[in-house]
Amino acid sequence: MEIREDDLSGEAIRALLRVHFAGMLANSPPGHHHFLDVDGLKAPGVTFWSIWDGERLAGCGAMKQLDATHGEVKSMRTDAAFLGRGVGAAMLEHIVGVARARGYVRLSLETGTGEAFAAAHRLYARRGFVPCGPFADYRATDFNRFYTLSLS
């Protein structure tokens, strides 16, 4: 599999992001959606990657710079045809590596709750992320969880 920085212009990535957005909307109550739309993923301070198996898009992920030493994992999604094949783990490992290379000392994320997010929770825990309180502009609710990974 190959991970590429992506400009979000291809139809395959746009289609996967539509699935991602729909999943976030379907599995979180109104007002509790914190995903970045396409414009948000193109914003300064956000780097977006896609992961490919040959010519087939397998997944995506992004990192948002919160400050000079703190990044946030965003928009992790694996295409349904690639679930259980290590795509999410490979993307997360890539993001952690880029965060380290940039000199970040902390990498955090916000995610949802419930069965739709259970696999993500397991992935983050396996990679060493631990529960934490809200960061950046987030507020804790019954519908979100926060994780962080110390990189120092």
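In this chain, residues are counted from 1 in sequence order.
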Checklist entry - Would you find a donor on one side and an acceptor on the other, under 3.5 Å apart, between the side chain of Arg14 and the backbone of Leu8? => result yes
Checklist entry - Which residues satisfy the side chain to side chain donor-acceptor pair (under 3.5 Å) test with Arg18, sequence neighbours excluded? => result Glu11
Checklist entry - Minimum heavy-atom separation for Met76 to Leu123, with atom names? => result CE-CD2, 4.2 Å
Checklist entry - According to a 4.5 Å side-chain heavy-atom criterion applied to Ile, Leu, Val, Met, Phe, Trp and Tyr, with indirect links allowed, do Tyr138 and Tyr104 form part of one hydrophobic cluster? => result no
Item to check | Partner set under salt bridge (Lys or Arg N to Asp or Glu O under 4.0 Å) for Asp53, not counting sequence neighbours | outcome: Arg85
Checklist outcome for this item: ring pair (Phe, Tyr, Trp, His ring centres under 6.0 Å) filter on Phe117, not counting sequence neighbours, yields none
Checklist entry - How would you list all residue pairs meeting side-chain hydrogen bond (donor to acceptor under 3.5 Å, both in side chains) that involve residues 75-84, not counting sequence neighbours? => result His20-Arg77
Checklist entry - Which value, rounded to the nearest 0.5 Å, describes the distance between Met1 atom CE and Ser50 atom OG? => result 12.5 Å
Item to check | For the student: nearest non-hydrogen atoms of His94 and Trp49, plus distance | outcome: NE2-NE1, 3.2 Å
Checklist outcome for this item: Sorted by chain and residue number, the salt bridge (Lys or Arg N to Asp or Glu O under 4.0 Å) partners of Lys64 (sequence neighbours excluded) come out as none
Item to check | Pairs meeting criterion side-chain hydrogen bond (donor to acceptor under 3.5 Å, both in side chains) with involvement of residues 112-121, two or more places apart | outcome: His121-Arg145
Checklist entry - Linking I/L/V/M/F/W/Y whenever their side-chain heavy atoms sit closer than 4.5 Å, directly or via other members, would Leu41 and Trp52 fall into one cluster? => result yes
Checklist entry - Can you name the residues that form a side-chain contact (heavy atoms from CB on, under 4.5 Å) with Glu55, not counting sequence neighbours? => result none
Item to check | The single option from Val98, Val46, Leu109, Val96 passing side-chain contact (heavy atoms from CB on, under 4.5 Å) against Met63 | outcome: Val98
Item to check | Shared-cluster residues of Val130, by chain and number - hydrophobic side chains joined below 4.5 Å | outcome: none
Next on the checklist: Considering only residues two or more places apart or on different chains, which pairs with a residue in residues 98-109 satisfy salt bridge (charged side-chain N to carboxylate O under 4.0 Å, His left out)?
Outcome noted: none
Checklist outcome for this item: Contacts of Tyr124 meeting ring pair (Phe, Tyr, Trp, His ring centres under 6.0 Å) (sequence neighbours excluded), chain-then-number -> Phe129
Checklist outcome for this item: Residues passing the ring pair (Phe, Tyr, Trp, His ring centres under 6.0 Å) test with Phe82, sequence neighbours excluded, are none
Item to check | Side-chain heavy atoms of Tyr147 within contact of Val73, under 4.5 Å | outcome: no
Checklist entry - Roughly how far, to the nearest 0.5 Å, is OG1 of Thr148 from CD of Glu110? => result 13.5 Å
Next on the checklist: Within the structure provided, determine whether Lys42 and Phe48 are in side-chain contact (heavy-atom separation under 4.5 Å).
Outcome noted: no
Item to check | Pairs satisfying salt bridge (charged side-chain N to carboxylate O under 4.0 Å, His left out), at least one member in residues 129-138, at least two apart | outcome: none
Checklist entry - Does Leu92 share a hydrophobic cluster with Ile3, counting links as ILVMFWY side-chain heavy atoms below 4.5 Å and allowing steps through other members? => result yes
